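Here is the structure we will look at, set down as structure tokens.
Since the structure is predicted, the reported quantities are computational estimates derived from the model, not experimental observations. Here is how names work: the chains are called A, B, and so on, in the same order as the sequence lines, proteins then strands, and each is numbered from 1.
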Amino acid sequence: MEISVITSNIDDGRKRFKFRKRERLKLRSDISLLFESGRSVQNEDFVIVYRKNRLDYSRIAVAVKRKFGKANRRNKLRRWVRECFRTSSDRVPKGYDLLVIARKPLSVKFKTSTYWSVSKSLIELFERIINEESNTRNH
RNA sequence: GGAGAAGGGCAGACAGGCGCAGACGGUCGCACAAGGUCGCACUGAGGAAAGUCCGGACUCCGUGGGCAGGAUGCUCGCUAACGGCGAGGUGGCGUGAGCCAUGGAAGGGCCAUAGAAACGAAAACCGCCUGAAAGCUUAGGUUGUCUUAAGUGAGUAGGGCAAGGAUGGAAAGGUGAGGUAAGAGCUCACCAGCAGUGCAGUGAUACACUGGCUUGGUAACCCACAUCCGGAGCAAGGUCAAGCAGGGGUUGGGUCGCUCUACCCUCAUUCCCCGGGUAGGCCGCAUAGACAGAUGCCUGUCUAUUACAGGAUCCGGCUUAUAGCCCUUCUCCGUAU
RNA sequence: GUGGCUAUAGCUCAGUUGGAAGAGCGCCUGACUGUGGAUCAGGGUGCCGAGGGUUCAAAUCCCUCUAGCCACC
């Protein structure tokens with residue numbers, strides 16, 4: 001019961017987020033479905049392929065090509081994307097399967113870029129997904 | 001204080017917050033399954049985790065032998081083993097601390113072009129030394145199809161030499177003296193190198209004496225000798241089980257580049273071939289340990305957002321990448337005492 | 001991850017005991033033609049993926065890197 005007190009204290013400042021196992025998109029069949037019937041948005045850094053699932057939460061997968069860089073760089077980008085997904089879950093569209101693909105220009109400027117610049121361009125894409133989906137519903 | 005040489009170390013730290021993986025303990029769950037959920041506590045990437053260049057462990061392949069093939073290469077030691085490391089020997093470079101290299105008298109191959117000649121005690125372009133003759137001319141003796149002298153031919157042909165020049169990456173010991181027509185290990189002294197003997201050392205070798213005077217380079221060319229190596233690799237391999245539907249074939253199969261001897265299995269549940277369908281879990285697997293694959297972000301302080309960079313069967317090395325520092329030992333130069 | 005292969009002209013490829021690098025297509029120049037094509041004649045387009053080493057000499061032999069590709073659940 002002491003625990004709940006602590007967490008509630010934190011909730012005063014900012015929200016407490018988790019990244020659960022079920023929020024990962026792991027099955028091969030799900031991903032091939034995405035490629036077959038998913039829609040996509042893109043900017044200079046990323047492509048996001050998305051598709052509505054029948055759950056009340058979103059699932060995410062990250063794809064980084066081997067050409068992007070060595071293992072260290074690829075790991076770092078994957079962690080940043082995951083961190084962004086976790087901390088800004090209120091801005092992520094709910095009930096979707098997402099596949100984030102890193103593009104070539106990002107690999108060039110990756111050495112000088114920071115976590116904030118990467119998460120900014122990701123959030124921009126998340127918001128565009130929300131907008132486009134609401135538009136199609138209106139039609 | 002400056003310029004170097006060798007070796008070793010750190011690889012952001014501390015505090016707080018959010019988050020992740022595993023194990024453990026609760027809890028939900030027919031249940032010691034999968035999965036979810038909770039957690040004041042525990043564990044959670046590197047010096048190179050990398051390249052995959054070596055060596056093992058481990059696993060499967062039927063046993064043994066031979067050939068082929070591969071690796072290493074001064075000596076000794078360390079090691080499970082190694083192509084690794086340590087010490088020593090010899091040679092080269094550097095004022096020095098130190099650094100780099102290491103089989104050429106078993107045999108064969110190759111050394112283009114240039115050069116006389118490229119490993120055969122061979123060869124002769126220029127050169128050095130020696131050095132003709134026929135013929136021709138002139139003069140004389142003599143009148144014969146004769147002969148003498150000088151000149152010319154010619155410093156030519158021929159012979160001797162391996163000193164010097166030229167070529168080349170490299171020219172067959174080097175320097176000096178004697179010697180000779182000119183020269184030459186032709187002779188002598190010293191030096192280098194080779195062989196033998198003695199002595200010291202486990203040994204590579206060192207030292208001394210004696211001898212004949214002397215036969216390049218290339219084994220990251222073949223190779224001799226010595227030592228070692230069977231082949232594949234955790235996607236190895238083992239095991240469990242659901243679903244469906246099994247069918248067919250004949251001397252075939254039993255790791256390998258080749259080969260030999262012996263052996264084993266086998267007319268089908270197991271091996272081989274073909275078709276359909278497809279799905280995997282667990283073990284292997286670890287005091288980090290997954291199977292879409294765990295380390296990230298924020299705040300404060302310290303110069304600090306800051307190098308190279310992330311385990312995938314595990315160890316021992318090597319190699320390559322690397323910010324900013326720190327420590328130890330040593331060398332040379334300058335100044336002061 | 002494990003085990004392999006390749007890199008030579010703009011493109012596709014040769015290049016065997018180490019001795020000054022070629023073929024085909026394309027390209028450029030000239031001739032023929034009013035112009036173009038076809039045809040004929042001529043031309044090199046090269047730091048042999050990068051850096052070291054062995055050698056008198058390296059596309060070739062040895063070592064280390066860098067790219068690209070393939071096979072095996």
Side-chain angles (χ1 to χ4, degrees):
Chain A
M1 300 311 101
E2 212 177 349
I3 302 152
S4 64
V5 172
I6 290 167
T7 47
S8 63
N9 283 351
I10 291 155
D11 284 352
D12 294 343
R14 82 191 111 111
K15 282 195 176 175
R16 182 172 163 163
F17 304 105
K18 294 224 164 190
F19 182 65
R20 292 170 200 279
K21 224 170 195 177
R22 59 177 190 179
E23 294 174 1
R24 290 182 197 178
L25 187 60
K26 351 171 103 173
L27 290 174
R28 184 175 286 274
S29 55
D30 288 340
I31 290 170
S32 50
L33 254 178
L34 256 182
F35 278 115
E36 280 168 22
S37 60
R39 313 181 63 180
S40 70
V41 288
Q42 55 176 289
N43 64 4
E44 205 183 59
D45 300 330
F46 297 103
V47 180
I48 300 184
V49 183
Y50 63 96
R51 181 176 175 280
K52 224 174 178 181
N53 59 12
R54 290 174 186 171
L55 306 167
D56 55 347
Y57 56 87
S58 287
R59 296 185 298 183
I60 191 164
V62 187
V64 190
K65 268 193 180 180
R66 203 191 180 90
K67 264 192 176 178
F68 183 85
K70 299 202 173 179
N72 180 275
R73 275 200 195 182
R74 284 181 273 137
N75 270 342
K76 198 160 203 176
L77 180 76
R78 185 171 45 75
R79 286 165 188 162
W80 282 358
V81 170
R82 191 174 290 173
E83 179 71 11
C84 177
F85 178 79
R86 184 180 70 81
T87 52
S88 52
S89 62
D90 50 344
R91 305 171 86 174
V92 173
K94 276 184 186 170
Y96 288 91
D97 285 345
L98 305 165
L99 175 65
V100 180
I101 302 168
R103 299 189 72 193
K104 213 176 186 180
L106 184 61
S107 73
V108 175
K109 67 179 183 184
F110 188 73
K111 202 171 182 182
T112 54
S113 60
T114 60
Y115 168 70
W116 291 118
S117 64
V118 170
S119 80
K120 207 174 178 183
S121 76
L122 256 182
I123 287 170
E124 181 199 322
L125 282 176
F126 288 150
E127 284 170 350
R128 268 168 60 187
I129 291 172
I130 292 168
N131 289 339
E132 288 195 19
E133 284 299 292
S134 59
N135 287 347
T136 49
R137 264 180 218 162
N138 292 346
H139 284 292

*Kindly check if the number of other-residue, nucleotide or ligand heavy atoms within 6.0 Å of NZ (A/Lys109) is above 12?*
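Enclosed.
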
*Separation of atom CG in A/Asn72 from atom P in B/rA294, rounded to whole Å*: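 Going from CG in A/Asn72 over to P in B/rA294 covers 13 Å.
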
Between [X] and [N], does any side-chain N or O lie under 4.0 Å from OP1 or OP2?
{"X": "A/Arg79", "N": "B/rU295", "result": "yes"}
{"X": "A/Trp116", "N": "B/rC298", "result": "yes"}
{"X": "A/Lys111", "N": "B/rC308", "result": "yes"}

Which nucleotide wins on minimum distance to the side chain of [X], given the candidates [options]?
{"X": "A/Arg82", "options": "B/rC298, C/rG1, B/rU295", "answer": "B/rU295"}
{"X": "A/Arg86", "options": "B/rG296, C/rG68, B/rC297", "answer": "B/rG296"}
{"X": "A/Glu83", "options": "B/rU295, B/rG310, B/rG296", "answer": "B/rG296"}
{"X": "A/Asn75", "options": "B/rG19, B/rG310, B/rC297", "answer": "B/rG310"}

Pairing partner of [N] (Watson-Crick or G-U wobble, both distances under 3.5 Å):
{"N": "C/rA67", "value": "C/rU6"}
{"N": "B/rC225", "value": "B/rG73"}
{"N": "B/rC318", "value": "B/rG51"}
{"N": "C/rG44", "value": "none"}
{"N": "B/rC190", "value": "B/rG174"}
{"N": "B/rC330", "value": "B/rG4"}

*Report which part of the nucleic acid A/Arg78 touches: base, sugar-phosphate, or nothing (heavy-atom distance under 4.0 Å, all strands).*
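A/Arg78: backbone/sugar contact only, no base atoms under 4.0 Å.
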
*Reckon A/Ala71 touches a base, only the sugar-phosphate, or nothing at all at heavy-atom distances under 4.0 Å?*
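Answer is sugar-phosphate: A/Ala71 comes under 4.0 Å of backbone atoms only.
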
*Mind checking side chain to side chain contact (heavy atoms under 4.5 Å, CB included) for A/Ile101 and listing every partner two or more places apart, or none if nothing turns up?*
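Partners of A/Ile101 under the side chain to side chain contact (heavy atoms under 4.5 Å, CB included) test: A/Val47, A/Val49, A/Ala63, A/Leu99.
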
*Could you tell me how the ring of A/Trp80 sits relative to the ring of A/Phe110: parallel (under 30°), tilted (30 to 60°) or perpendicular (over 60°)?*
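The arrangement is tilted - the two ring planes meet at 30° to 60°.
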
*asked:* Applying side-chain contact (heavy atoms from CB on, under 4.5 Å) to A/Leu122 and A/Phe85, what does each step give before you reach the verdict?
replied: CA-CA 9 Å; A/Leu122 256 182; A/Phe85 178 79; over 6 Å; no

